[in-house]
Amino acid sequence: MCGIVGYVGFRAARVVLFNALKRMEYRGYDSVGMAVLKDDVIQLSKRRGYVDSLHVDFEGTVGIAHTRWATHGKPDDRNAHPFTDCRGDFAIVHNGIIENYSALRKMLAGAGHEFVSDTDSEVIAHLLEEHYDGDFKDAFFKMVSELRGSFAIVAVHRGERRIMGAKNESPLVVGIGDHENFVASDIPAFLDYTNRVISLSDGEICEITEDRVKVYDFDGHPVAKKVQFIDWSVEDAERGGFEHFMLKEIYEQPRALEETLHNLQSREVKLPGRTEKISFVACGTSYHASLFGKYMVERYLGIPAETHYGSEYRYRDKVRENPLVVLITQSGETADTLASARIARRRNFRTIAITNVLGSSITNYVDAVFFTSAGPEIGVAATKTFTTQMIALHYLILETALAWRRISRTVYDRSMAALRDVPHMVDRVLEIDDRIMGLAQKLAKKHDMYYIARGMSYPVALEGALKMKEISYLHAEAYPAGELKHGPLALIDEDVPVIAVVLKDKTYEKMLSNLREVSARGAYVIAISTEEEVGDYADSLLILPESIPETGVYPATVLLQLLAYHTARVLGREIDKPKNLAKSVTVE
Ligand code: AGP
């Protein structure tokens with residue numbers, strides 16, 4: 001998620017902008033850049049790398065800056081922001097995705113504009129140049145009217161002490177100072193200088209000088225805005241008011257799921273036709289997503305699929321096979337998954353990666369890449385990157401099933417409609433956060449617990465138990481419910497709660513019997529289900545929004561994330577940075 005900032009006032013802009021970029025580092029980024037106006041000149045510096053690598057001695061008190069999280073085009077110096085037009089009259093920074101950029105780029109190139117990057121954002125600078133007729137503000141409004149998609153944009157024009165900004169579905173806030181004003185992706189960027197803030201809404205444009213802030217709608221009508229006083233600390237503000245990044249990221253899931261679907265829909269997405277078997281390879285949470293993928297492949301494509309841990313696959317003996325290898329890694333940097341990709345390549349298997357990070361190492365090791373659009377995840381415990389991996393796999397498999405004629409158009413349409421409803425279902429689950437807190441109080445008093453499920457819900461149980469282990473430090477183990485009687489049932493008693501995911505699929509009745517089994521041994525049973533009737537078999541029932549089993553797994557996952565989060569919170573754990581764990585495991 002890019003971070004953007006603009007400043008106009010009396011201080012050295014390079015210092016204000018540098019501090020703001022440092023404050024936005026937590027958003028995650030791969031490149032950085034700054035443009036500062038001095039008299040009639042735009043001084044510009046940008047590069048791949050971190051904020052500390054940006055050494056500038058620009059003079060001037062008006063400027064813009066950016067941290068880039070790559071979406072279109074590799075993370076490199078060329079694709080870093082700010083961008084200028086052909087003559088260097090305008091500089092812009094952008095966060096979001098310009099959906100119609102390729103049509104705009106073609107049109108602008110036809111009109112003689114020269115592009116220097118692979119980004120969607122660069123069209124903005126050239127559109128300003130194209131529309132400029134002596135009035136920066138007028139050109140800015142015309143430019144915005146041509147854009148489709150999500151954007152927060154900040155722009156400057158050489159020789160003018162004025163910043164223009166626009167917001168549509170990407171964050172942008174204005175900071176009000178005394179003889180200085182700020183605009184940025186979020187409040188921490190300028191909280192060292194002012195706590196007076198105007199939050200822009202979608203479809204608004206701001207015009208900022210050192211002494212004035214004006215807000216308009218996209219049609220140019222003035223909009224009256226309220227100034228809010230912020231009493232958060234910078235650290236609170238980075239977390240958007242949430243106590244932990246993990247909680248913030250759990251709440252970001254509806255948006256992340258929607259964006260992932262949206263971005264996948266904008267290109268042709270399907271598996272190669274000659275595939276006879278799929279081998280998924282991944283680690284940790286990504287492994288659980290791959291297990292969900294296996295169930296989906298077998299159900300919708302009717303070909304065998306197997307899952308491997310990266311740490312095992314890399315040492316696997318050679319067997320007679322020719323699978324399509326699908327590597328799943330949110331960071332794209334996990335050492336065991338990268339080593340597995342190299343092995344798969346050496347064995348001449350076709351390879352595909354699913355990752356959240358454009359330009360990450362895995363993208364260099366595979367034949368094709370599909371991206372999730374979760375945005376950066378700061379909490380060590382994966383949350384939004386997991387559900388977006390699931391939805392990416394889900395979408396990919398449904399598209400492939402239609403292309404391979406394994407499902408009819410009617411089934412496809414029905415399944416896609418259900419998939420598009422997932423972000424709303426997740427939203428609804430977030431509303432019962434309070435009930436989950438009550439259950440967390442109970443769990444926090446225990447030392448061991450079991451998670452049970454069957455079929456497609458089993459990966460959800462595994463993931464729920466992993467979340468609980470890694471952030472609460474309580475022992476949590478997931479089992480396919482039918483396996484309990486082959487051993488672990490011996491451990492079940494009143495001190496060992498059982499958390500069960502019960503969806504209305506072909507194993508539903510069997511799951512009810514499994515609940516009876518554990519209840520009879522004294523376990524406190526927490527069930528997560530779409531069916532009210534399950535309440536008769538459990539001590540507590542968390543009810544899911546009505547759904548088919550394939551999509552019920554998403555809200556069920558989010559409930560289990562919240563259950564782990566609140567349990568860890570009751571226990572006072574270091575939730576965002578659990579002991580002994582790292583966000584990205586780049587060593588073997
Ligand atoms: C999950 O909460 C963990 N942080 C961990 O299991 C993680 O999923 C695993 O290390 C794999 O990471 P990757 O997706 O970046 O490859």
**Message:** Would you say that Leu430 contacts Leu562 through its side chain, given a criterion of any heavy-atom pair below 4.5 Å between the two side chains?
**Reply:** yes

**Message:** List the residues meeting side chain to side chain contact (heavy atoms under 4.5 Å, CB included) with Pro549, not counting sequence neighbours, and say none if there are none.
**Reply:** Leu503, Asp505

Please report, to 0.1 Å, the donor-acceptor pairs under 3.5 Å made by any side chain of residues 413-426, with sequence neighbours excluded.
from, atom 1, to, atom 2, distance (Å)
Ser415, OG, Val411, O, 2.8

**Asked** For residues 472-486, which residue pairs qualify under salt bridge (charged side-chain N to carboxylate O under 4.0 Å, His left out), counting only residues two or more places apart or in two chains?
**Response** none

**Asked** Hey, are the side chains of Pro272 and Leu324 touching, using non-hydrogen atoms and a 4.5 Å cut-off?
**Response** yes

**Request:** Find out whether Glu306 and Lys277 are in side-chain contact, i.e. whether some heavy atom of one side chain is under 4.5 Å from a heavy atom of the other.
**Result:** yes

**Item:** Distance-only side-chain donor-acceptor flag, Glu25 / Tyr29, under 3.5 Å
**Value:** yes

**Message:** If we count only N and O atoms by modelled type, under 3.5 Å, do the side chains of Tyr479 and Asn514 hold a donor and an acceptor together?
**Reply:** no

**Item:** Pair Gln253, Thr387: side-chain N/O donor-acceptor within cut-off below 3.5 Å
**Value:** yes

**Any donor-acceptor N or O pair under 3.5 Å, side chains Glu258, His262** = no

**Message:** Side chains of Arg406 and Tyr300: any donor to acceptor distance under 3.5 Å?
**Reply:** no

**Request:** Please examine the side chains of Ser279 and Glu321, heavy atoms only from C-beta on, and report whether any two atoms are closer than 4.5 Å.
**Result:** yes

